[in-house]
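The next block holds one structure in the form of structure tokens; read it before the comments.
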Amino acid sequence: MAEPVLEIRNLNVDYGLGDRAVHAVRDVNLTLHRGEVLGLAGESGSGKSTLAYGLTRLLAPPGVITGGQVIYHPAQGSSYDVLALSDNGLREWRWAETAIVFQGAMNSLNPVHKISTQLMDVLKAHEPNMSAHSRAARAREMLKLVGISADRMDAYPHQLSGGMRQRVMIGMALILQPQVVIMDEPTTALDVVMQRQILGQLIELRERLGFSVIFITHDLSLLVEFSNRIAIMYGGRIVEEAPANTIYRDALHPYSKGLLSSFPALRGPRRELTGIPGSPPDLAGMPAGCSFHPRCPKAFEPCGSAIPVLGRPDTPDGAGRSVACWLHPAEQPVG
Amino acid sequence: MKYFLQRIGFYVFTAWAAITLNFFIPRMVPGDPVQSLIAKYKGQLSTDAMQSLYILFGLDQHKSMWAEYVDYWKQIFHGDLGLSFTFFPAPVSQVISQALPWTLLLVGITTIISFLLGTSLGVVAGWRRGSWTDGLLPVTTFFSSVPYFWLGIIAIYLLAGPDSFFPSSGGFDSGLVPAWDQYFIPSAIQHSLLPALTILISSVSGWILSMRNMMVTVASEDYITVAHAKGLSERRVALSYAARNALLPNVSGFALSLGFIVGGTLLVEIVFSYPGLGFTLLQALGARDYPLMQGIFLIITIAVLVANLLADIAYLLLDPRTRKDG
Amino acid sequence: MTIPTSSIEQVIPGQGAMAQPSAKPAKAKRQRFLFVRNTKAATGLVVLGVYVLLAIIGPWIAPYDPSGRSNDLVQGPSAAHWFGTTHLGQDIFSQILVGTRSVMYVGFLAGLIATTLSVLIGVTAGYLGGKTDDSLSALTNVILVIPAIPLMIIITSVLNNASDTLIAVVIGLTSWSWNARVLRAQTLSLRRRDFVEASRASGETTWRIVIFELLPNLTAVIASGLVGTVIYAVLSEITLAFIGITSNDGWNWGTILFWAQGQQALGQHAWWWFVPAGLAIACLGTALSLINFGIDEFVSPRLRSAGKTKLKTAAGHTVRMRIGFTPVLENSAAPHTHARVISTPVMREAK
Ligand SMILES: Nc1ncnc2c1ncn2[C@@H]1O[C@H](COP(=O)(O)OP(=O)(O)OP(=O)(O)O)[C@@H](O)[C@H]1O
Ligand code: SF4
Ligand SMILES: [Mg+2]
């Protein structure tokens, strides 16, 4: 397996403080390897965005990171914990090492500045010695890369279509050639054709530029198609993590199975569309034990009282995957 | 451009409405006070002056309302606003043109300073929420609840006096003649400091509060998070992203609050006996000098409309969304 | 009546006592949050209540006839005259008490008139749209940019010795436009919401929709508009009285200031003559503003004071809650290795 580039260890994120705190991300352990696309899926409200913003420390108040580490391994030099960086250290790290394309990128662009200004101020901040001329050249190049003609450089965001804005954001994310790009449902606002077109472009770019991607969506079908590995989140925890086709073929966690059966099969035999009965858990009043047990068709005796730990399952293909379910008790917990 | 023309059209319409209002208000005046004033000055009034007063107040029984209205417009276009009784026999336009520069300078400069200062403080207060700047808010609330003129009285009581640097009334030393020279200008500035300070203190708090609230609202927009994610400096995020966007509603607010601010400043002039439009208006009120009152109302309205137009142009330059389309 | 200095605490809650989250029992904290959140509106309402009470009973509890002369000319505050006396020996405390009624009456009557007009015009324009909207909006905007105070001054002076009611009508008629504008915008956005669309589709009459669907959703905006207009009306009435163009039969705080100004109270150093009236106005205005802050924060939670903004980390550092840099409460000194840390299996008991 390739070497890791980003390791999330025991990350815990709350909204609010003390008794009223909502634990939106709990004990998350996840490793992103160099050059891979890691998909993150889960129902709405499962904490995917919170995880993404938490690890970059971009959560707005009342978000608080209550513990954990995010170890970053730069291409050269020694590794460090992103959560321990100073403000200035964090500013340098952001975008240069890890860039984000946000959920609902429609509002990600500042309405009063030209897109060229917004592309170039990244360069101004991170590469102050660059000449104005080469900044403009780089901005133009990035736009070309994402399929926007250079004469739109001086356009304002309101003059672009949703898809174009999305591409501008992707181009902007790549402008400093970061190691990691986090994409939080970058395409949900677009039509299906546009979605696939942009994602196809992205994968192509990744092959050329060699960055790693954390790709967040509730659309598992997209992930199965575009990602190398998939992690499934439920109630703020990672409940299963495995190579994409392993999950597709043989998900171990009942929740993953439920998610998979809520969209039609891409290829192969038709599956029954069932979905998952019940509704996502209320983070303020999480059920004891496995948080999925009130909805789990397979729940049995330990599920209601003890929390299953994410770890390598006891199945024959257990290496390289992990799951948090009492049906497959961890042989080797992750984290 | 289309937007701009629409705005101009709107202001022309408003000016028409204000002038028409001005035509009708005196028709509500019971005829006697004007009639008696005219009677009082009968011997000294020329027929022309009589005629224009008749048109202003609708005293001519033989004319239709419409004919009067047309005549009224003709008069306005000739800059003839009638004669002032208070400053008899000076025409209203002359009285106003003497008072107007004082008001324009005092109110104009102070309002702009107040807007810039309040907006900057609001940016800081909104960006660094929870810091000492939040302490400004209660003070701000208090000051925006006090009438301007009362603050003026207090300022005179506390700061002005025979031995003080600040004169308590007037626009310049009584021994001087208005002129652009080294004696008059410093004296005029000295006299305007305290009224200016009063207006500043009363009006600045509103700007602080509204800009702070806009900053707080804007700070949770997506593009601010993106700016942080891009690793831009705090300064750049606060100014070029947050403040730049928060400024827009404040600029349109500026236009809309002008009418209110001008109202308040007229009263400050009264308290300081400052030789501007406010003080002149007070004198006109005392003498029931209706032509002068109306002329002042008209000029103030037009000044506010022009200021609004300027604010619109500023908005147009600041917001690309209004510039190209819409 | 004093300046509400305590409002400093209301605006920045959570300094001091709440600076250390982990040590405090959370129950107490929650109550404190609720308490703090309501403090602004509650303080405002209590102060306003006092004013309303004074408006009702003021004339009865006033120790003197506010116009009654005495031989104590321009006396400073004393046991007999709490706020001192005027040039005619009138008791200023009694003038303030008696004047409260006129101020409150004009303020609320004008507020009601303006609010009614703004609801009628703003909601109609926003809901009906089209030509009706165009003309009502134009009317609103015209009234909005014409400077109101000079207009009021002219009209009042033309009306000659206007009574309180007449003044309130003039103020009400000239000050509805701001709220109408806000209400129109709110109505426009409400009209596009699902529940209104649904009622329209189901063939409900316009008036039923406006009264049962729209107005309940506009309550907060209307209330805050009313409160704002009352402040404005009070200031306007006092201004008109101060320049002496209202009827001088009754007393209000502006009349007191008019006499103080006219009789050279400043020159005689009679600060008691103008200070109480100004403070009475300021306190009333502040109370009403506080109520409006409460409403604003209720409507848009973003404006709520951020609550606690400083946190203590496990390492003992203090960090601030701010956008863009999420606080990290605890992180161990990072072992910078590529190796995966493998810990022993832990089974956690459910909470
Ligand atoms: N400011 C907040 N205060 C309290 N709870 C919050 C806040 N923001 C989010 N949450 C809660 O945190 C949980 C995780 O939210 P998050 O946005 O991470 O979900 P998500 O998985 O990204 O969902 P989606 O697919 O809809 O984007 C949700 O249950 C939400 O209710
Ligand atoms: S642990 Fe139990 S309840 Fe949870 S998913 Fe596995 S079987 Fe279902
Ligand atoms: Mg999300």
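From a predicted model like this one, the values you see are computed outputs, not experimental measurements. Proteins come first, then strands; the chains are lettered A, B, ... in the order of their sequence lines, and each starts at number 1.
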> When rounded to the nearest 0.5 angstrom, what is the spacing between CZ in C/F325 and CG in A/D87?
Replying inline: 5.0 Å
> Among A/L90, A/V13, A/L59, A/D14, which has the most heavy-atom pairs under 4.5 Å with chain C?
Replying inline: A/L59
> Considering residues, nucleotides and ligands other than A/W93, do more than 12 of their heavy atoms fall under 6.0 Å from its CH2?
Replying inline: yes
> How far apart are the closest heavy atoms of C/V328 and A/L83, and which atoms are they?
Replying inline: CG2-O, 3.7 Å
> What closest approach, in Å, do A/P61 and C/I323 show between heavy atoms, and which atom pair accounts for it?
Replying inline: CD-CG1, 3.6 Å
> If you take all heavy atoms of C/P327 and A/G63, which pair is closest and at what distance?
Replying inline: CD-O, 3.8 Å
>> Nearest 0.5 Å, please: how far is CG in C/L329 from CD1 in A/I65?
In response: 8.5 Å
